[in-house]
Amino acid sequence: MAAGIKRKQVSESTKSANGFKVKKVKVAEQKSAKKSKSKAKPVVESDVSMESDTSEVENGFSGFSAKEDDSNSSAESEDEEDAGRRAEAVKKVKTEKKAAMKPQQDAFSSSSSREAHAKQKALSKERKAAKPNADEIARSKKLWERLRLKSHVDLEERKRLVAELFDIVTGRVKDFVFKHDSVRVVQCALKYANKEQKKMIAEELRGEYRALAESKYAKFLIAKLLVTGDAGIQEMIVSEFYGHVRRLINHPEAAWIMDDTYRSVATSEQKATMLREWYGPEFAIFKSKSGAKVTSDLSTILDESPEKRQPILNYLNQLINQLVQKKLTGFTMLHDAMLQYFLACKPGSTEASEFLDHLKPEATKDKEADQPPEIDLLRNLAFTESGSRLVCLAFAHSNAKDRKNLLRAYRENMEALVFDRNAHRVLLAALSVIDDTKLSSTAIFGELIPKSNDADAVNEKIFQLVTHLDARTVLLYPFAADAKWLFSDPKSPTIALLNEVHAIRATTSKKNPETRLQELAKSISPPLLGAITARAADFATSSFGCQFMIEVLFDAEGDKELALGAVAQLAAGDPSVETHISNSAAGCRMLKGLVLSGKYDPKQKKVIPVEPSLGFAEKLWDSIQDHLMDWATGPGSFVVVGLVEAQGFEKRDEVVAALEERKKKLESAAGKAGESEKKDKKNKGTKKEEESKDKKRKGDQDEGAVKGNAGARILLKLIT
């Protein structure tokens, strides 16, 4: 009990008057001389922590006495000074020692580094030497170093080096091709190999082509074999891909070799065999009967086995989605498979609608955000034949909102599309079905013919479009949508595709087709007329340019006077000059069409005049009246025929009178002109016997032919 009271009294004595605790400051005693030979500085633990913001005096603590405080402070200051001097001395000694040792350390470090590198190099050589065929690979690489510098090796030396190289690689091709350095040697050998040597390499690699396709470096050897090898080598390689198409098309290395083989090398039967494996595992395991025709047409396969419809479509859809999500959307095989899927679906069905929904990108306002995979898919689809057809059908079957999103996916890529032989069809389909002509003209023509203060740059861009085989179809589509001459081949797949799109358009679009074309033509008329005014002479140098000028002048909206005047001025001058427009068949057809102010309709077999009339005949007459007889008796005689036949031409009588004045010259041209031109250049020989035989044979052929200028004969009939 007493102990408890005592503890209570001690605890109370440490409190101040106001009740706060005050901890005493503890001072550590100095250690003995035996324990501290180094005379370490005594440590002062100042662990005074106040539990309030009040001062010590206010809390009843008076502090240490002055005598005790002075003695402690003096001892502390002396210890601090001694410790500081000792630390500075130690630091100085270390610095001097370090400076003295630095040159020795640098020399040691340098020599040890060289020795280490030498040891590493020696170990590397030992490891390489321990590998199989190390000596052969080393020798072949030295030969490759010589052969790859073609300009430094003459023909005879190259033959010797190639023979030596084949002595090394023969029988060891499989050992070489799976190594990143030695595979280049085999590629070099293949580059200079003859037919037998190529076959030897291909035979040695038989059974390894699938593994080579999956190799990061050896895949290029397959590409070279496919390109330079004969049909037998190609068949050997392609046949090893059968049964593994799904695996290879999903492989990061083999996918590109697989698709390049499918697109560029495989025959139609090989393509069908590979594409069938997209329809299910059974097509990869079970092959068609020998002799039976292999087809990849999914609609035909489903008609033969309707019970397999859903499993096949599900399997195909799954494989398509795998590649799309991986953004491997540039494969021609993928585009063919997607087209087959869509064609197998009934138009308007749930399957077809869901499939088209996968193609339609969502509208995003954030340009910096990552593009959805549908954007990449649509852009890649446009550049293949099957892919462009699929996109065109998507445009035809979609509603107005979806068409807008589809077209938006190609913004900033219009120039690449218009110059491509497949992708330009997408633009033609968009122009055919989109009812909002302001949207389509701005998105397509606004990018192809940008507004600029530099008129020369705009005219040059139009000239490039007009003179390109595929790009001109897009530019002239609003003016000559149904013209067969607009396409290079009357049996072109583009014509069949547009007919298919137009048939679908009848049920999905509301605007009249003629109204749509008129609105499109109106939107691009000003820059086209300006280009004709500025560069009529350049356009007249090609048949494409002449067709462009006549179509635009017929159907464009706006002031055409300057453009017509520029074209008429082309006829001025002496027609005997070789570069004159009268010596151009396309130029003469253009001038005659403009004079008649209408298009020839082959069904009605007459010229259908345009409204309002162009009035071009008057402008042309002013340009050619000084050389009328040269035109009437030369290659451009049918232009004068057009002047005489033109309806509403006020100066027709002047033309007829001028022709009548020189009727004899016209008669001479109609009966005798062109006799000197009937000699065939190919029949000019050095031997007289051959010349006589050729002349006799040609005379027999031309015996019943009418001699003279056909246009001049027509003019004689018209003026009499």
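What you are looking at is a predicted structure, and each value in this text was computed from that prediction instead of being measured. Count residues from 1 along the sequence.
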State whether the side chain of [X] and the backbone N or O of [Y] hold a donor-acceptor pair below 3.5 Å, judged by distance alone.
{"X": "Lys511", "Y": "Asp435", "value": "yes"}
{"X": "Tyr410", "Y": "Leu378", "value": "yes"}
{"X": "Asn583", "Y": "Val577", "value": "yes"}
{"X": "Thr508", "Y": "Ile504", "value": "yes"}
{"X": "Ser388", "Y": "Glu385", "value": "yes"}
{"X": "Lys560", "Y": "Leu553", "value": "yes"}
{"X": "Arg379", "Y": "Ala409", "value": "yes"}
{"X": "Arg662", "Y": "Met629", "value": "no"}
{"X": "Asp259", "Y": "Met333", "value": "yes"}

Test side-chain hydrogen bond (donor to acceptor under 3.5 Å, both in side chains) on Thr437 and Arg516; report intermediate values, then the result. CA-CA 7 Å; Thr437 54; Arg516 183 186 292 105; over 6 Å; no
N-O pairing of Lys438 and Glu519 below 4.0 Å: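 The answer is no: the pair does not qualify as a salt bridge.
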Salt-bridge test for Lys592 and Glu645: reply yes if a basic N is under 4.0 Å from a carboxylate O, no otherwise.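 Salt bridge between Lys592 and Glu645, a charged N being under 4.0 Å from a carboxylate O: no.
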Step by step, work out the side-chain hydrogen bond (donor to acceptor under 3.5 Å, both in side chains) result for Asp574 and Ser576. CA-CA 5 Å; Asp574 186 3; Ser576 62; 2.6 Å; yes
Could you give me the CA-CA distance, side-chain angles and deciding distance for Ile462 and Phe539, then say whether side-chain contact (heavy atoms from CB on, under 4.5 Å) is met? CA-CA 10 Å; Ile462 294 174; Phe539 287 120; 4.3 Å; yes
Report the distance from atom CG of Leu393 to atom CG of Leu339, rounding to the nearest 0.5 Å.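 The CG atom of Leu339 is 7.0 Å from CG of Leu393, to the nearest 0.5 Å.
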For residues [X] and [Y], determine if any side-chain heavy atom of one lies less than 4.5 Å from a side-chain heavy atom of the other.
{"X": "Val644", "Y": "Leu659", "answer": "yes"}
{"X": "Phe479", "Y": "Ile524", "answer": "yes"}
{"X": "Leu520", "Y": "Ser440", "answer": "yes"}

Working note: Asp376 + Thr329, criterion side-chain hydrogen bond (donor to acceptor under 3.5 Å, both in side chains); need CA distance, chi angles, decisive distance, verdict. CA-CA 7 Å; Asp376 292 332; Thr329 56; 5.6 Å; no
Aromatic ring centroids of His397 and Phe355 under 6.0 Å?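 Aromatic pair excluded; centres sit 6.0 Å or further apart.
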Has [X] got more than 12 heavy atoms of other residues, nucleotides or ligands less than 6.0 Å from its [atom1]?
{"X": "Glu650", "atom1": "CD", "result": "no"}
{"X": "Lys404", "atom1": "NZ", "result": "no"}
{"X": "Glu557", "atom1": "CD", "result": "yes"}
{"X": "Lys522", "atom1": "NZ", "result": "no"}

Using the side-chain hydrogen bond (donor to acceptor under 3.5 Å, both in side chains) rule, take Trp485 and Gln547 through it: C-alpha gap first, then chi angles, then the decisive distance, then the call. CA-CA 9 Å; Trp485 56 261; Gln547 289 174 340; over 6 Å; no
